[in-house]
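Notes follow once the structure below has been shown.
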Amino acid sequence: MKKILVLNGPNLNLLGVREKSIYGSRDFLSYFEELKQRFDTVHLEYYQSNSEGALIDKIHAVGFEYDGIVINAGAYTHTSVAIGDAIAAINTPVIEVHISNVHQREAFRHHSFLAKNCKGVICGFGLDSYRLGIEALLA
Ligand code: DQA
């Protein structure tokens, strides 16, 4: 069975509550249950942290064993050399995803420190960005 980690960074524990006009009104855990049903032949794991170090530790923990990581690093996308380096350090392919189309937003959201070490980037499809990320890993 293929193993895929869905990894969410800071403030994404507040999906369904935070800035609903940008991120929607659905909480992530109910969406993740839907993903597990949809990809029932895949071992899907979910982890969220608001801490940069905890996200890096998780990338290291699965990055030599899992078949893929779908990461939404939230604002760390635009600030974290360390998460970019963690992705470069592992073997597991990583897809960067964003709920919003970051390129339609403030200029500081246009740059990612992760993207160059990722297999690809998906943004702007709402929560469906995660499904598309998983499909890309399985394709
Ligand atoms: C986000 C976009 C980021 O710029 C922002 O800091 C987030 C969420 C997205 O999914 O659209 O927290 O990654």
Side-chain angles (χ1 to χ4, degrees):
M1 199 181 236
K2 288 202 166 171
K3 292 189 208 166
I4 293 178
L5 172 70
V6 175
L7 186 55
N8 267 346
N11 301 307
L12 293 165
N13 54 311
L14 292 183
L15 284 176
V17 176
R18 79 183 276 223
E19 299 182 278
K20 290 184 192 177
S21 60
I22 301 172
Y23 301 116
S25 52
R26 185 154 188 198
D27 72 283
F28 194 80
L29 288 178
S30 81
Y31 175 68
F32 187 67
E33 284 307 310
E34 192 181 304
L35 284 179
K36 282 203 291 193
Q37 279 168 26
R38 185 181 194 112
F39 297 102
D40 61 357
T41 59
V42 177
H43 172 84
L44 270 190
E45 182 187 333
Y46 177 57
Y47 183 76
Q48 188 275 333
S49 179
N50 295 317
S51 305
E52 192 174 17
L55 294 167
I56 293 167
D57 287 342
K58 191 67 181 175
I59 291 167
H60 293 173
V62 307
F64 298 91
E65 189 206 335
Y66 275 40
D67 299 287
I69 299 173
V70 173
I71 185 170
N72 184 350
Y76 285 144
T77 306
H78 320 299
T79 64
S80 181
V81 174
I83 294 176
D85 282 354
I87 294 169
I90 60 168
N91 301 328
T92 298
V94 178
I95 309 282
E96 175 183 331
V97 302
H98 300 283
I99 297 162
S100 63
N101 181 348
V102 285
H103 301 288
Q104 289 175 342
R105 302 181 63 194
E106 302 97 320
F108 67 84
R109 296 186 204 275
H110 298 179
H111 180 258
S112 165
F113 281 102
L114 283 53
K116 89 181 215 330
N117 298 322
C118 291
K119 191 169 180 198
V121 179
I122 296 166
C123 73
F125 297 96
L127 289 178
D128 209 30
S129 293
Y130 293 87
R131 177 188 65 82
L132 292 166
I134 295 167
E135 304 271 12
L137 285 168
L138 296 174

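Whatever order the structure lists them in is the order used to number ligands and atoms, beginning at 1.
Side-chain N or O atoms of Ser112 include one that pairs as donor or acceptor with a backbone N or O of Ala115 at under 3.5 Å. Looking only at distances, no side-chain donor or acceptor of Asn72 sits under 3.5 Å from a matching main-chain atom of His98.
Between Gln48 and Gly9, the shortest heavy-atom distance links the atoms NE2-O, 3.0 Å. The two residues His110 and His103 come nearest to each other via the heavy atoms NE2-O, 3.3 Å. Closest non-hydrogen pair, Leu55 versus Ile83, comes out as CD1-CD1, 4.1 Å.
Under the 30°/60° scheme for interplanar angles, the aromatic rings of His78 and Phe108 are found to stand perpendicular. Using bins of under 30°, 30° to 60° and over 60° for the plane-to-plane angle, the ring pair His43/Tyr66 lands in the perpendicular bin.
Only the side chain of Arg109 comes within 4.0 Å of ligand 1, counting heavy atoms alone; its backbone N, CA, C and O stay farther away. Looking at Arg18 against ligand 1, only its side chain comes within 4.0 Å, counting heavy atoms.
The protein heavy-atom contact nearest to atom 8 (C) of ligand 1 is Tyr23 OH, 3.4 Å. Looking at atom 1 (C) of ligand 1, its nearest protein heavy atom turns out to be His98 ND1, 3.7 Å. Considering only non-hydrogen protein atoms, atom 11 (O) of ligand 1 sits nearest to Ser100 OG, 2.6 Å.
Proximity annotation for atom 10 (O) of ligand 1: of Ile99, Leu14, Ile71, Ile99 comes nearest, heavy atoms only.
Contact analysis puts Asn72 in contact with ligand 1, with a non-hydrogen atom separation below 4.0 angstrom. Using a 4.0 angstrom heavy-atom cutoff, Val102 counts as in contact with ligand 1.
The His78 neighbourhood of ligand 1 comprises atoms 3 (C), 4 (O), with distances under 4.0 Å to a heavy atom of that residue.
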